[in-house]
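Position 1 is the first residue of the sequence, and the numbers go up from there.
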Amino acid sequence: MFAGIDEVEWASMEHAYGPADDVPGLLRGLASADPAEREGALDGMYGAVHHQGDVYACTLACIPFLFELVADPGIQDRGSIVELLTSIGGIDLDEDDEEELDEEEIEGAANYAMAAAAVTAGAGVFFELIADEDPGVRLAAPLALATLHGHPVRVLALLRERLPVEPDEEVRLALVEAAGRVALRHRPLAGQAADWLSRLAAESYAPGLRLAALAQLARCAPEALPGDVVQVVAGLLRRLRATPAGGADGADPVLTAGPGDDPGPATDAAEERGAPVTLVGQLRALSAAESAGRTAPWTADLLRTLHVGLDDRVTDRTALLTDQLRSPDLRQRIDAVRMSAGLIRAWRGSYEELVRLVGEQLASPEPKLAEAASHVLEELFGLAAPAADALAARVAADPGAWVKEWASGPPGLGSTVKALARLGDARALPALAAALERPEVPHDVGFAIGHLGAAAAPLAGVLRRRLAEIALDEGTYDRANPLLFGLTALRAGEAAPEVLRVLRGAPEYRGEWLRTSALRALGSFGSAAHCAVPELRALIRRPGTAAATEAAQALWAVDGDAEAVLPVLIEGLRAEHAHERRSAVTALGGLGARAEATAPRLRALLSHDELWLRVDAAIALWEVSGRTEESVPVMLAAWEKNRHVRVRVAECLARMGAAGAGSDAAHVLRAELASVRRHNAMDGGYGSHDTYEDEKLLALCRRALPGNTGKGPTT
């Protein structure tokens with residue numbers, strides 16, 4: 001074995017962490033009889049040689065030796081090596097990807113192409129592995145064939161032939177998944193694959209296999225799903241829950257469990273490995289812990305696949321999750337809570353009943369379920385209203401969870417407290433009051449107070465007291481900012497002396513950030529902060545700085561002296577950084593007609609390279625001039641170019657009433673309201689405020705559409 005491995009110039013190559021001269025040792029480690037050594041070698045392959053999916057010259061050089069390992073029946077854990085080969089050779093670069101490559105990425109793209117060619121050339125070996133004695137190999141081989149083999153008709157035929165004689169349940173599911181992969185990669189075969197999957201979804205087969213077939217139909221041929229797919233899936237889940245572990249309720253005799261289902265060897269191997277010390281081992285342990293005790297641990301994956309395939313069929317997906325949340329199976333409810341988060345985060349719909357059921361999980365004695373539910377509700381803001389009583393009950397029953405301590409970093413509010421506060425529910429007040437009395441105030445308490453609004457007015461006194469107690473040193477910003485944010489939200493003008501103290505004594509470290517927070521607090525107080533006017537006038541004597549712009553904005557809010565602040569804000573338009581210019585632009589818009597003389601300067605910014613600055617300038621130009629004809633086209637162009645600017649634009653359109661019947665703005669707003677997908681939904685990522693921002697956008701679009709409401713107040 002490994003003939004010629006020492007003739008490869010490994011030292012001349014590199015992987016993610018330097019010279020690749022350790023690669024021969026990793027390859028030999030994959031062939032070791034010691035499970036720990038094999039695991040460490042596999043970890044090294046993924047961590048360095050195939051780091052985050054990258055393909056290096058040394059990765060290419062490994063391919064022949066990996067195939068040699070896979071073909072040797074004496075090697076253990078070959079299924080993991082099949083998966084590694086599938087990952088190395090399975091990266092597709094379509095034409096759009098290739099057009100976006102820069103010079104530094106061209107070499108990497110060439111490596112991907114060579115890896116795909118090399119692994120595909122050897123993919124015939126996977127045909128032999130489909131009937132291997134090792135269930136782990138049989139589990140990995142179908143997806144390898146579907147991903148890598150160049151003759152999909154032959155692959156699909158083999159999958160169909162193998163299914164009736166395959167004894168292992170998970171392998172049978174892998175065969176079905178591979179058929180879906182073939183259909184997705186080779187669309188001319190989608191109809192043929194869908195016909196087979198539809199037959200597997202019929203009543204004569206075991207519930208797990210039927211569920212797998214429905215999941216793959218949703219991926220590759222959703223039009224072939226039965227009209228009552230929700231009822232069918234719900235029935236299958238009930239049957240799976242009623243099936244004893246290892247049972248085969250309703251199974252076709254040729255599909256019943258066989259020797260390959262015996263968990264003994266896997267258990268022995270796990271014990272032999274001991275505590276995991278590698279990333280691969282840790283992931284394996286997490287997977288095992290997640291699956292422990294489940295009758296059908298693969299159900300969650302199948303349901304996730306089904307949901308992804310159902311895509312924008314929000315009503316069906318909501319009904320399915322509602323059924324899952326009523327399941328007596330705790331694990332299934334945990335899965336449903338997590339999937340509910342993904343659905344609501346990406347798609348618009350009617351979620352009242354779903355959210356109410358998520359709220360019911362807060363009372364579960366299972367910590368994982370209650371915690372999962374609280375995290376989902378935390379992200380929903382106003383949409384969490386159907387769960388308000390459940391949240392309030394949980395908050396009242398568990399004071400120990402009001403604040404979350406972290407090993408590093410400041411404490412934060414617990415999920416249930418944040419969720420309740422984000423509803424504007426006054427039942428969060430006791431938790432917030434207690435948080436404000438802690439030696440270290442949670443970093444996010446000010447944001448929670450902001451969502452409570454006037455209901456949090458009783459907290460103004462303690463906010464003021466805690467701010468007065470803060471020492472003015474290098475840690476002032478971290479301690480003061482949550483308090484300043486809360487006072488700003490409450491417009492608590494009685495706290496002006498305490499805020500002024502912080503403004504005057506801001507230390508050098510993070511001093512600019514601290515002054516900005518203090519100035520915004522003073523500005524929110526309006527005339528109640530008149531004691532700060534001398535300080536504000538002193539700060540605006542340094543025009544062109546961020547502090548001067550913030551001070552000018554605060555001075556206008558407190559004293560209304562347009563003559564004093566206009567020169568400062570005009571100078572701010574020439575600031576070096578775009579975000580500082582944006583601050584000046586926004587402040588000028590706040591002056592309204594008093595800043596009309598700056599219209600030419602704002603108009604000049606409508607063609608600036610920075611999109612957000614263009615939008616702010618367009619809004620400010622309307623605010624100072626009252627004319628829409630120049631501003632609206634700029635805002636609508638930005639709307640199409642960057643979806644994240646839409647809330648800002650919609651806020652302005654709602655104020656200016658520019659969405660009259662037949663207008664371009666009305667067309668854009670109606671198109672947004674007609675979309676089922678949230679405007680900021682991302683594949684593979686999300687932000688904690690995404691749902692909140694999208695719901696805000698929808699509300700603004702509706703407000704802007706009824707007709708011309710006239711220009712709103714500018715101060």
Side-chain angles (χ1 to χ4, degrees), residues 229-231 233-235 237-238 241 300 303-304 306-307 310 312-398 401-402 413-428 431 448 451-452 455 676 678 681 686 688-696 698-699:
V229 62
V230 173
Q231 290 78 9
V233 172
L237 292 176
R238 284 192 291 273
R241 289 196 297 269
L303 288 171
R304 276 189 285 269
L306 181 63
H307 275 284
L310 289 172
D312 62 353
R313 293 169 61 168
V314 176
T315 302
D316 283 341
R317 294 177 65 182
T318 302
L320 180 56
L321 287 169
T322 298
D323 181 81
Q324 291 173 240
L325 285 168
R326 292 192 174 104
S327 167
D329 184 334
L330 283 173
R331 296 297 188 99
Q332 198 171 108
R333 298 211 304 275
I334 292 173
D335 294 336
V337 166
R338 293 169 178 169
M339 290 182 218
S340 296
L343 174 64
I344 298 173
R345 191 183 294 133
W347 301 99
R348 299 162 177 169
S350 179
Y351 296 120
E352 290 82 1
E353 180 65 6
L354 185 64
V355 171
R356 185 187 66 78
L357 288 170
V358 171
E360 286 185 2
Q361 314 311 312
L362 293 171
S364 172
E366 169 52 54
K368 287 185 179 179
L369 179 54
E371 184 178 3
S374 70
H375 284 301
V376 171
L377 295 170
E378 174 191 342
E379 294 182 2
L380 296 186
F381 292 78
L383 290 184
D389 289 344
L391 281 166
R394 181 73 181 187
V395 168
D398 192 9
W402 287 357
L413 294 174
S415 293
T416 49
V417 175
K418 282 194 283 190
L420 194 60
R422 287 170 174 181
L423 285 171
D425 196 312
R427 287 176 288 185
H451 288 289
L452 277 174
V676 183
R678 297 200 183 278
Y686 67 93
S688 62
H689 284 51
D690 284 357
T691 303
Y692 169 77
E693 289 292 319
D694 186 71
E695 289 293 319
K696 183 177 180 181
L698 293 176

Checklist line | Distance in Å, Glu371 CD paired with Gln361 CD, rounded so as to fall on 0.5 Å steps | finding: 14.0 Å
Next item on the list: Please report the shortest heavy-atom distance between Ala300 and Asp335, naming the atom on each side.
Entry: CB-OD2, 3.1 Å
Check: What distance do His375 atom NE2 and Thr416 atom OG1 have between them, rounded to the nearest 0.5 Å?
Finding: 9.5 Å
Notebook entry, point to check: Backbone N or O of Ser327 within a donor-acceptor pair of the Arg333 side chain at under 3.5 Å?
Noted result: yes
Item checked: Between CD on residue Glu378 and OG1 on residue Thr691, distance to nearest 0.5 Å -> 11.5 Å
Next item on the list: Check the pair Arg356, Glu353 against salt bridge (charged side-chain N to carboxylate O under 4.0 Å, His left out), reporting the backbone distance first and the verdict last.
Entry: CA-CA 5 Å; Arg356 185 187 66 78; Glu353 180 65 6; 2.5 Å; yes
Next item on the list: Take Leu383 and Glu695 through the test side chain to side chain contact (heavy atoms under 4.5 Å, CB included) and record every step on the way to the result.
Entry: CA-CA 9 Å; Leu383 290 184; Glu695 289 293 319; 3.8 Å; yes
Notebook entry, point to check: Do any N or O atoms from the side chain of Trp402 and from the backbone of Val395 form a donor-acceptor pair under 3.5 angstrom?
Noted result: yes
Note to self: For the OG1 atom of Thr322 and the CG atom of Leu354, what is their distance to the nearest 0.5 Å?
What the structure shows: 5.0 Å
Next item on the list: Would you please test Met339 and Leu320 for side chain to side chain contact (heavy atoms under 4.5 Å, CB included) and show each step?
Entry: CA-CA 10 Å; Met339 290 182 218; Leu320 180 56; over 6 Å; no
Next item on the list: Mind listing the closest non-hydrogen atom pair of Leu362 and Ala373 along with its distance?
Entry: CD2-CB, 4.0 Å
Check: If you take all heavy atoms of Val355 and Ala384, which pair is closest and at what distance?
Finding: CG1-CA, 3.8 Å
Checklist line | Between CZ on residue Phe381 and CG on residue Asp690, distance to nearest 0.5 Å | finding: 10.0 Å
Item checked: From CG (Leu325) to CD1 (Ile334), nearest 0.5 Å -> 11.5 Å
Next item on the list: Could you pull out the closest heavy-atom pair between Trp347 and Tyr351, with the gap in Å?
Entry: O-OH, 2.7 Å
Checklist line | Flag, side chain of Arg678 to backbone of Ile344, donor-acceptor distance under 3.5 Å | finding: yes
Margin query: Is the shortest side-chain heavy-atom distance between His307 and Leu343 below 4.5 Å?
Written below: no
Margin query: Tell me the closest heavy-atom pair linking Gly359 and Ala390, and the distance in Å.
Written below: O-CB, 3.4 Å
Note to self: Under the criterion side chain to side chain contact (heavy atoms under 4.5 Å, CB included), I'd like the reasoning laid out for Leu391 against Asp425: C-alpha separation, chi angles, the key distance, then a yes or no.
What the structure shows: CA-CA 10 Å; Leu391 281 166; Asp425 196 312; over 6 Å; no
Checklist line | Smallest separation among heavy atoms of Ser364 and Arg394, with atom names | finding: O-NH1, 4.3 Å
Margin query: Angle between ring planes, His451 versus Tyr692, binned at 30° and 60°: parallel, tilted or perpendicular?
Written below: perpendicular
Checklist line | Derivation of the side chain to side chain contact (heavy atoms under 4.5 Å, CB included) call for Asp323 and Val233 | finding: CA-CA 10 Å; Asp323 181 81; Val233 172; over 6 Å; no
Margin query: Can you confirm whether Val337 sits close enough to Lys368 that some side-chain heavy atom of one is under 4.5 Å from a side-chain heavy atom of the other?
Written below: no
